[in-house]
*Asks:* 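Pasting in a structure now, in structure tokens, and then I'll have a few things to ask.
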Amino acid sequence: MKRIYISQTLKSTGGSAKVSGWVNSIRSHGKIIFIDIRDITGVLQMVISPSNKDIYEKAKQIRPEWVIEAAGKINERPKNMENPDIETGKVEMSVEELNVLSKAETLPFSIESEGYDISEEIRMKYRYLDLRRERLRRNMIMRQKVIQFIREFLIKEGFIEIETPILTKSTPEGARDFIVPSRLQPGSFYALPQSPQQYKQLLMVSGIEKYFQIARCFRDEDPRGDRQPEFTQLDLEMSFADEEEILKLVENLYINIIKDIFPQKKILQIPFPRISYSEAMKEYNSDKPDLRKNKNKDELAFAFIVDFPMFEWKKEENRWDAVHHPFTRPKTDNIDEIKKNPDKILAYQYDFVLNGFEIGGGSLRSYKPEVLEAVFEVMGHKKKDIHQKFGHMLTAFKYGVPPHGGIAPGIDRFMAILLNEPNIREVIAFSKTGDSRDLMMGAPDIVNDEQLKELKLKITKKKK
RNA sequence: GCAGCCGUAGCUUAGCUGGCUCAAAGCGCUGCCCUGUCACGGCAGAGAACGUGGGUUCGAAUCCCAUCGGCUGCGCCA
């Protein structure tokens, strides 16, 4: 007999079925034994009576979380014995065949609860067990649904999904890079991408016009509840689009995600309010204001913060820096003006905000080489450095670059908000600690001397 | 890098103004009893270097120092 999902057993009522899964719980009454079996789709009550001696003796040995398969009749339960709490509560399996596929030791913690009552340290160490928990399983499935929806939506809009390299080049601006030593070029290093920013802009030069990617990004900064060293964002870029077109697309996408996947949530304002940066700072003293009135969990207050300043003064470094990044297009292409009054220059830059969290940011990009160079100059880069670090961009822009822009909404934070989770670790299958460790894998870890030798690396100071 | 909180059976916690509770409880686990439960029930039992190292003291889970680990926030996060 072919194994079916537990959720399908309802359709087999009156007939026979075979299911496989984990033992969710056992209730033994001396003679009659109830075993709840669990698979990805749900839980089913199995009944074992002493009349079938072989099965009964086998069932007595079974313990929670063992992996078993069972076949038998799917019967309607007697009327007063239905369980409205589970999907298959109207039926049960009368077991006629029972096999143990794999035994299990007692789990290090209970997976019946939501998990709030168990320390995160131990949950992360045994994350594969933690993921058996209903709450985590739901989070993974909902996350996948959202990503699937995004894919289908954008592809319908004419976007092309393209993978960009994970091994790439360190960029001097922005967050600290994770670096990867090169074996074939000893002394040189790759960097993991903080975002596919430059690649996606170069794809615009390639004529892709509408690109997207569910992109993993890496930043070697200290994590927070809403920040991980590696995270996922919906990275997208469009040619010939203005700010309005990009924001409308995102607005439309997110309205439909909510409608389709989270119908119980209420979007407070449609269209999403557009608030200028200066207005937001004046009115809310924040560039990611929480616009909900009642702070209700089912309320969603989306907003776009627009018209960010192009530059900010960095006191410690005594120089101007890009608020967003140097590729952002200033609202003027008057080179003299940019160089003379950096503080007065606004940018085509926008943040995407939800319930007081920044869930994305984007901009139109500078596509005129002279504007890009002026921006770098304001930021204190020497011509020579500009060409060393960004020469490929400037060169590319010489060969016919369309005006372009994009946005990159984060997936993790968005999911945490929608699923009412207190931090993004709960929506990431294998997340890292506040110290960027992976407690389950034991990463990061030392490498052996042979590996170091190949890379021509020497560790001068070892942590004890 | 800085600050705060936390670390006692498998899990969650009590004890922590030092000795008579250097260990207790609930859940889980093991065994026995129980034919309809679904947080099954009943009885019995096993299970703890009190994160680690050092110090103070006649005596430390309890006080001090260091260290390791977890969480939160600041710095940082183009």
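Residue numbering restarts at 1 for every chain, and letters A, B, ... go by the order of the sequence lines. Worth saying up front: this structure is predicted, and the values here are computed from it rather than measured. Heavy-atom basis, side chains included; hydrogens, waters and symmetry copies ignored.
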*Asks:* Counting only distance, no hydrogens or angles, is the base of B:rG75 paired donor-acceptor with the side chain of A:R224 under 3.5 Å?
*Replies:*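 Present.
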*Asks:* Is any side-chain nitrogen or oxygen of A:T433 closer than 4.0 Å to OP1 or OP2 of B:rG70?
*Replies:*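 Yes, within the criterion.
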*Asks:* Distance check needed: B:rC40 P versus A:K31 NZ, whole Å only.
*Replies:*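 Taking NZ of A:K31 and P of B:rC40, I get 21 Å after rounding.
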*Asks:* What interatomic distance, in whole Å, is found between P of B:rC71 and the corresponding atom of B:rC65?
*Replies:*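 B:rC65 and B:rC71 have their P atoms separated by 24 Å.
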*Asks:* Below 4.0 angstrom, which residues in residues 40-76 of chain A have at least one non-hydrogen atom near RNA chain B?
*Replies:*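 Those residues whose heavy atoms fall under 4.0 Å from RNA chain B, taken from residues 40-76 of chain A in numerical order, are A:Q45, A:R63, A:P64.
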*Asks:* What integer number of Å spans the P atoms of B:rG28 and B:rC38?
*Replies:*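 One P to the other, the span is 14 Å.
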*Asks:* Please verify the inter-ring angle class for A:F352 with A:F302; under 30° counts as parallel, over 60° as perpendicular, anything in between as tilted.
*Replies:*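 Parallel.
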*Asks:* For A:I32 and B:rU37, what is the distance between atoms CD1 and P respectively, to the nearest whole Å?
*Replies:*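 Answer to the nearest Å: 10 Å.
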*Asks:* Rounded to whole angstrom, note down the C1' distance from B:rC58 over to B:rA49.
*Replies:*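 Between the two C1' atoms, the distance is 23 Å.
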*Asks:* Looking only at heavy atoms, which two atoms of A:A59 and A:I33 are closest? And how far apart?
*Replies:*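 Where A:A59 meets A:I33 most closely, the heavy atoms are CB-CD1, 4.3 Å.
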*Asks:* Is a donor on one side and an acceptor on the other found under 3.5 Å between the side chain of A:Q201 and the backbone of A:Q198?
*Replies:*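 No: the side chain of A:Q201 does not pair with the backbone of A:Q198.
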*Asks:* Using the P atom on both, measure B:rG54 against B:rG70 and round to a whole Å.
*Replies:*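 That atom pair is separated by 23 Å.
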*Asks:* Any luck finding a side-chain donor-acceptor pair between A:D235 and A:Y211 under 3.5 Å?
*Replies:*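 Yes, side-chain donor-acceptor contact under 3.5 Å.
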*Asks:* Using purine N1 to pyrimidine N3 plus N6-O4 or O6-N4 for Watson-Crick, or N1-O2 and O6-N3 for G-U wobble, both under 3.5 Å, which nucleotide pairs with B:rU67?
*Replies:*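 Partner of B:rU67: B:rG51.
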*Asks:* Nearest to the A:D435 side chain among B:rG70, B:rC38, B:rU35, which nucleotide is it?
*Replies:*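 Among the listed nucleotides, the one closest to the side chain of A:D435 is B:rG70.
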*Asks:* What contact category does A:R425 fall into here, base, sugar-phosphate, or nothing, at under 4.0 angstrom with non-hydrogen atoms?
*Replies:*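 Touches sugar-phosphate only.
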*Asks:* Determine the Euclidean distance between corresponding C1' atoms of B:rC50 and B:rG75; express it in Å to zero decimal places.
*Replies:*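 Per the computed distance, 36 Å lies between those C1' atoms.
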*Asks:* Take atom C1' in B:rC63 and the same atom in B:rU56, then report the distance between them in whole Å.
*Replies:*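 The same atom, C1', in both gives a distance of 8 Å.
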*Asks:* Using OP1 and OP2 only, check whether a side-chain N or O of A:R227 sits under 4.0 Å from B:rC74.
*Replies:*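 False: A:R227 side-chain N/O out of range (4.0 Å or more) of B:rC74 OP1/OP2.
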*Asks:* Could you list all N or O pairs between the protein and nucleotides 41-51 of chain B that sit under 3.5 Å apart?
*Replies:*
none

*Asks:* Using purine N1 to pyrimidine N3 plus N6-O4 or O6-N4 for Watson-Crick, or N1-O2 and O6-N3 for G-U wobble, both under 3.5 Å, which nucleotide pairs with B:rC76?
*Replies:*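 Paired with B:rC76, as far as the under-3.5 Å criterion goes, is no nucleotide at all.
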*Asks:* Whether the side chain of A:E426 engages the backbone of A:A416 through a donor-acceptor N/O pair (distance < 3.5 Å, no angle test) should be reported.
*Replies:*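 No.
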*Asks:* Using the P atom as the point on both nucleotides, what is the distance between B:rC29 and B:rC40, in whole Å?
*Replies:*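 Those two atoms are separated by 10 Å.
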*Asks:* Can you check the A:M81 CE to B:rU35 C1' distance for me, whole Å?
*Replies:*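 Rounded to the whole Å, the gap is 10 Å.
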*Asks:* May I ask you to check whether over 12 heavy atoms, not counting those of A:K58, lie within 6.0 Å of atom NZ?
*Replies:*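 Yes.
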*Asks:* Quick one: look up who B:rG36 pairs with, Watson-Crick or G-U, both distances under 3.5 Å, and put none if it's unpaired.
*Replies:*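 Per the H-bond distance test, none.
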*Asks:* Let me know which of A:K432, A:R224, A:R143 forms a salt bridge (Lys or Arg N to Asp or Glu O under 4.0 Å) with A:D412.
*Replies:*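 So the option named by the test is A:R143.
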*Asks:* For a quick check, tell me whether the side chain of A:R219 and the base of B:rC77 share a donor-acceptor pair closer than 3.5 Å.
*Replies:*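 Donor-acceptor pair under 3.5 Å: no.
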*Asks:* By the 4.0 Å heavy-atom rule, please label A:E312 as base, sugar-phosphate, or nothing.
*Replies:*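 Answer is nothing: A:E312 stays at 4.0 Å or more from every strand.
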*Asks:* Roughly how many Å is it from CD1 in A:I359 to P in B:rC77, rounded to a whole number?
*Replies:*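 After rounding, the reported distance stands at 22 Å.
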*Asks:* Between atom CE in A:M124 and atom P in B:rG69, what is the gap in whole Å?
*Replies:*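 Going from CE in A:M124 over to P in B:rG69 covers 13 Å.
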*Asks:* Just to confirm, is there a sub-4.0 Å distance from OP1 or OP2 of B:rG36 to any side-chain nitrogen or oxygen of A:H29?
*Replies:*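 Answer yes for this pair, as a side-chain N or O of A:H29 is under 4.0 Å from OP1 or OP2.
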*Asks:* Rounded off to whole Å, could you give me the CG-to-C1' distance for the A:D412 and B:rC77 pair?
*Replies:*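 It works out to 15 Å between those atoms.
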*Asks:* Determine the Euclidean distance between corresponding C1' atoms of B:rC76 and B:rC64; express it in Å to zero decimal places.
*Replies:*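 B:rC64 and B:rC76 have their C1' atoms separated by 34 Å.
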*Asks:* Have a look at A:R274 and tell me which of A:E279, A:E244, A:E243 forms a side chain to side chain donor-acceptor pair (under 3.5 Å) with it.
*Replies:*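 Answer to the side chain to side chain donor-acceptor pair (under 3.5 Å) test with A:R274 among A:E279, A:E244, A:E243: A:E244.
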*Asks:* For the pair made of CG in A:D177 and C1' in B:rC76, what is the distance, rounded to whole Å?
*Replies:*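 In whole Å, B:rC76 C1' lies 14 Å from A:D177 CG.
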*Asks:* Between A:M440 and A:F430, is there a side-chain heavy-atom distance shorter than 4.5 Å?
*Replies:*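 Side chain of A:F430 against side chain of A:M440, heavy atoms only: contact under 4.5 Å found.
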*Asks:* According to the interplanar angle, ranging from 0 to 90°, do the rings of A:F304 and A:F272 count as parallel (below 30°), tilted (30 to 60°) or perpendicular (above 60°)?
*Replies:*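 Plane angle between 30° and 60°, so tilted.
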*Asks:* With A:L101, which residues qualify under side-chain contact (heavy atoms from CB on, under 4.5 Å), at least two apart?
*Replies:*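 With neighbours one apart ignored, the set is A:V67, A:E69.
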*Asks:* Taking the inter-plane angle between the rings of A:F311 and A:W320 on a 0 to 90° scale, is it parallel (under 30°), tilted (30 to 60°) or perpendicular (over 60°)?
*Replies:*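 If you compare the ring of A:F311 with that of A:W320, the planes turn out perpendicular.
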*Asks:* Could you check A:K288, A:R425, A:R413 and say which one makes a salt bridge (Lys or Arg N to Asp or Glu O under 4.0 Å) with A:D226?
*Replies:*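 Exactly one option meets the salt bridge (Lys or Arg N to Asp or Glu O under 4.0 Å) with A:D226, and it is A:R413.
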*Asks:* Which pairs count as salt bridge (Lys or Arg N to Asp or Glu O under 4.0 Å) when at least one residue sits in residues 19-44 of chain A, sequence neighbours excluded?
*Replies:*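 Passing the test, one end in residues 19-44 of chain A: A:R3-A:D39, A:R27-A:D36, A:R38-A:E65.
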*Asks:* Do you know the tightest heavy-atom contact between A:S366 and A:T328?
*Replies:*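 Looks like OG-O, 3.3 Å.
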*Asks:* Regarding A:E112, tell me which of base, sugar-phosphate or nothing describes its non-hydrogen contacts under 4.0 Å with the strands shown.
*Replies:*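 The answer is nothing, as A:E112 stays clear of every strand by at least 4.0 Å.
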*Asks:* Under a 3.5 Å cut-off for both distances, is B:rG26 Watson-Crick or wobble paired, and to whom?
*Replies:*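 Paired with B:rC11.
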*Asks:* In this structure, is the centre-to-centre distance between the rings of A:F390 and A:F327 below 6.0 Å?
*Replies:*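 For A:F327 and A:F390, the ring centres are under 6.0 Å apart.
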*Asks:* Give the rounded distance in Å between these two atoms: CG of A:D438 and P of B:rG70.
*Replies:*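 Going from A:D438 (CG) to B:rG70 (P), I get 11 Å.
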*Asks:* Salt bridge or not for A:E377 and A:K339, using N-O below 4.0 Å?
*Replies:*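 Salt bridge present between A:E377 and A:K339.
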*Asks:* Would you mind telling me which residue lines up with the more 5' stretch of RNA chain B, A:D226 or A:R176, judged by nearest nucleotide?
*Replies:*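 Closest to the 5' end, via its nearest nucleotide, is A:D226.
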*Asks:* Using purine N1 to pyrimidine N3 plus N6-O4 or O6-N4 for Watson-Crick, or N1-O2 and O6-N3 for G-U wobble, both under 3.5 Å, which nucleotide pairs with B:rU57?
*Replies:*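 Because no pair has both required distances under 3.5 Å, B:rU57 counts as unpaired.
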*Asks:* By the 4.0 Å heavy-atom rule, please label A:I33 as base, sugar-phosphate, or nothing.
*Replies:*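 Result for A:I33 = nothing.
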*Asks:* Would you give a per-nucleotide map of nucleotides 2-15 of chain B, 5' to 3', where B means the base has a protein non-hydrogen atom under 4.0 Å away, S means only the sugar-phosphate does, and - means neither?
*Replies:* --------SSS---
*Asks:* Of all of residues 85-93 of chain A, which get a heavy atom below 4.0 angstrom from RNA chain B, listed by number?
*Replies:*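 Heavy-atom contacts with RNA chain B come from A:E92.
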